[in-house]
Amino acid sequence: MSSRFYQTIQQVTWIGAFLIAAFAVKTFLQAIPDELYVTAGQEVSYEFDVPVSVVLKEESAEVFDNLTKTSAMEVTPSYTVTCKLFGIFPIKDVEVMLVDEKTVYASGLPIGIYVKTDGVLVLGTSKVTNANGRECYPAQNLVKSGDYIVSVNGEPVYEKEELTQKIDAYGEDREILGIKRNGEYIEVSMTPVESEQGRHLLGIWVRDDLAGVGTMTYHTSEGAFGALGHAVSDGDTGTQMSVSEGWIYETDIVGIKKGENGTPGELSGVIDYGKGHCLGTITENSPLGIQGKLEEELQEMQEDLCYEVCYKQDIRIGTAYIISAVSGEYKKYEIQIESLDYSGNEENKGILFRVTDPELLDLTGGIVQGMSGSPIIQDGKIIGAVTHVFVSDASRGYGIFIEKMLEH
């Protein structure tokens, strides 16, 4: 055989080895958390499901000594260790943070969510038929789905009715729209078109509020709460809502649509917007859920039990439970945790689980829209919350680690 043939075999072998190594490194990175949370007096465990050893990073030595010698710490209560593959190759640094023992009340209560946008959300653009019957597209390629209109000719706007009134009032004069796009402020110039009905329009579909049903995950003795485990997003644009203000309300579940192959199920609820039925205010809408403050008289709900927080390194593969009042009463439903992803690439998909409880499978088919935020309990501790369902299999879902929600 020719030397060229042997060179080809050698190249293929090297490529194969490289791909295997790359896959192994990715697997190891997913199996090792970016950070560990350790409560006072708890022994740190570095038992990961991959063959790595752990050494204290040199620049963390002084910090580590201070943490072990004194309880009155003036330094940041954290230090860094390096994980080495087979004790030789450094592959990842892990921050070890010392935290106080934390407890929260696990909820599982279905809630109605209502938010007002920070500006007027653009859903898309459309044609305008002018007074002469001609089709015009005044906003096409100038505004984008997901933009927020915050002003017209320097005058702030907060609601869609306010926006349409200002556009109509300025007539056919060229107008400057102030827009927030991907967190940046820009100005866009366009000219309204007089429609067949005599109104001046820009041909922009907009929204200034959103309502839906979700689940409260936890609340604290101070009255703070967290829910959903993912952001409130617009269903048409898929973008995270920029929220100016919002509230959560009592809601009654009146219907359950079971999930089917390719179609997620959902809860149907009636939200009571009466003042006496408001549960609390929303202060933040983040990729990790909504956070806020409960009404003072609701800060201790009778049904909710207090649970110690369990951090991700102590979660185990196996049996856990979802707390939900989807049936009209608080119940624990059994699930099986199948895998854990510590990589942080998708922060609200760290826990992969399967619903195994016959009652919940019969009631909902598994996980349905509206159950996002349902707390997950294992070994008497709260470990996370439900966030997503598999569209192809309603019995399987994802959860977020509870510490991620509590960061906010």
Side-chain angles (χ1 to χ4, degrees), residues 107 109-124 143-152 155-164 177-186 204-220 222-251 266-267 269 271-275 277-295 298 346-348 369-373 385-388 400 404-408:
S107 181
L109 176 71
I111 53 175
I113 299 167
Y114 178 74
V115 295
K116 296 283 291 181
T117 60
D118 186 13
V120 182
L121 175 64
V122 175
L123 303 179
V143 296
K144 299 180 179 180
S145 172
D147 286 350
Y148 285 88
I149 301 172
V150 296
S151 65
V152 178
E155 297 182 44
V157 293
Y158 304 98
E159 299 179 350
K160 59 185 179 182
E161 289 81 7
E162 193 177 14
L163 173 65
T164 56
L177 300 187
I179 289 174
K180 286 196 304 183
R181 178 179 295 167
N182 299 325
E184 296 184 2
Y185 176 80
I186 62 173
I204 305 175
W205 291 103
V206 295
R207 173 178 291 151
D208 61 7
D209 62 2
L210 185 70
V213 174
T215 300
M216 187 188 300
T217 305
Y218 69 88
H219 61 94
T220 69
E222 293 79 23
F225 75 85
L228 293 187
H230 60 70
V232 174
S233 300
D234 178 72
D236 294 304
T237 65
T239 58
Q240 178 180 322
M241 297 285 283
S242 180
V243 174
S244 63
E245 55 186 349
W247 301 267
I248 59 172
Y249 293 89
E250 295 177 7
T251 186
E266 63 179 339
L267 301 179
I271 303 173
D272 193 330
Y273 293 107
K275 185 177 180 180
H277 298 276
C278 181
L279 300 174
T281 56
I282 297 170
T283 57
E284 183 178 7
N285 178 36
S286 81
L288 307 179
I290 58 173
Q291 288 79 35
K293 187 77 172 178
L294 290 177
E295 294 294 322
L298 297 171
E346 294 186 89
E347 291 187 302
N348 46 25
Q369 294 177 1
M371 290 179 66
S372 292
V386 174
T387 55
H388 295 81
I400 183 174
K404 289 296 180 183
M405 294 185 71
L406 291 171
E407 284 178 2
H408 290 261

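Numbers for residues simply follow the sequence, beginning at 1.
Atom-to-atom distance recorded for Leu121:CG and Trp205:CH2 is 14.0 Å, nearest 0.5 angstrom. To the nearest 0.5 Å, atom NZ of residue Lys404 and atom OG1 of residue Thr387 are 13.5 Å apart. Between atom CG of residue Leu228 and atom CG of residue Asn285 there is a gap of 8.0 Å, rounded to the nearest 0.5 Å. Considering CG of Leu288 and CD of Glu347, their distance stands at 5.0 Å, rounded to 0.5 Å. Distance check: Ile204 CD1 to Thr164 OG1 gives 11.0 Å after rounding to the nearest 0.5 Å. We find the CZ-CG distance between Phe225 and Leu109 to be 11.0 Å, quoted to the nearest 0.5 Å.
Between Val122 and Lys144, the closest side-chain pair of non-hydrogen atoms is not below 4.5 Å.
The two residues Tyr185 and Ser151 make their nearest non-hydrogen contact at OH-OG, 3.8 Å. Minimum heavy-atom separation, Pro156 to Glu162: O-OE2, 3.8 Å. Closest non-hydrogen pair, Glu295 versus Cys278, comes out as CG-O, 3.4 Å. Listed here is the closest heavy atom pair of Met216 and Ala227: CA-CB, 3.8 Å. The two residues Ser286 and Gln291 have their closest heavy-atom pair at OG-OE1, 4.0 Å. Here the closest non-hydrogen pair linking Leu210 and Ser233 is CD2-O, 3.5 Å.
For the pair Thr215 (side chain) and Gly370 (backbone), a donor-acceptor distance under 3.5 Å is present. A donor-acceptor pair under 3.5 Å is absent between the side-chain atoms of Asp272 and the main chain of Tyr249, judged by distance alone. The backbone N or O of Gly124 sits nowhere less than 3.5 Å from a side-chain atom of Ser145 that would complete a donor-acceptor pair. Between the side chain of Thr117 and the backbone N or O of Asp208 there is at least one donor-acceptor pair closer than 3.5 Å.
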*salt bridge (Lys or Arg N to Asp or Glu O under 4.0 Å) evaluation trace for Glu184 with Arg181*: CA-CA 5 Å; Glu184 296 184 2; Arg181 178 179 295 167; over 6 Å; no
*asked:* The test is side chain to side chain contact (heavy atoms under 4.5 Å, CB included); show your working for His219 and Leu279 and say whether it passes.
replied: CA-CA 12 Å; His219 61 94; Leu279 300 174; over 6 Å; no
*From CA spacing to verdict: side chain to side chain contact (heavy atoms under 4.5 Å, CB included), Glu245, Thr281*: CA-CA 8 Å; Glu245 55 186 349; Thr281 56; over 6 Å; no
*Test log, rule side chain to side chain contact (heavy atoms under 4.5 Å, CB included), inputs Leu177 and Val152*: CA-CA 5 Å; Leu177 300 187; Val152 178; 3.8 Å; yes
*Ile282/Ile113 under side chain to side chain contact (heavy atoms under 4.5 Å, CB included): CA gap, chis, key distance, verdict*: CA-CA 9 Å; Ile282 297 170; Ile113 299 167; 3.9 Å; yes
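Ring geometry for Tyr114 versus Trp247: interplanar angle under 30°, hence parallel rather than tilted (30 to 60°).
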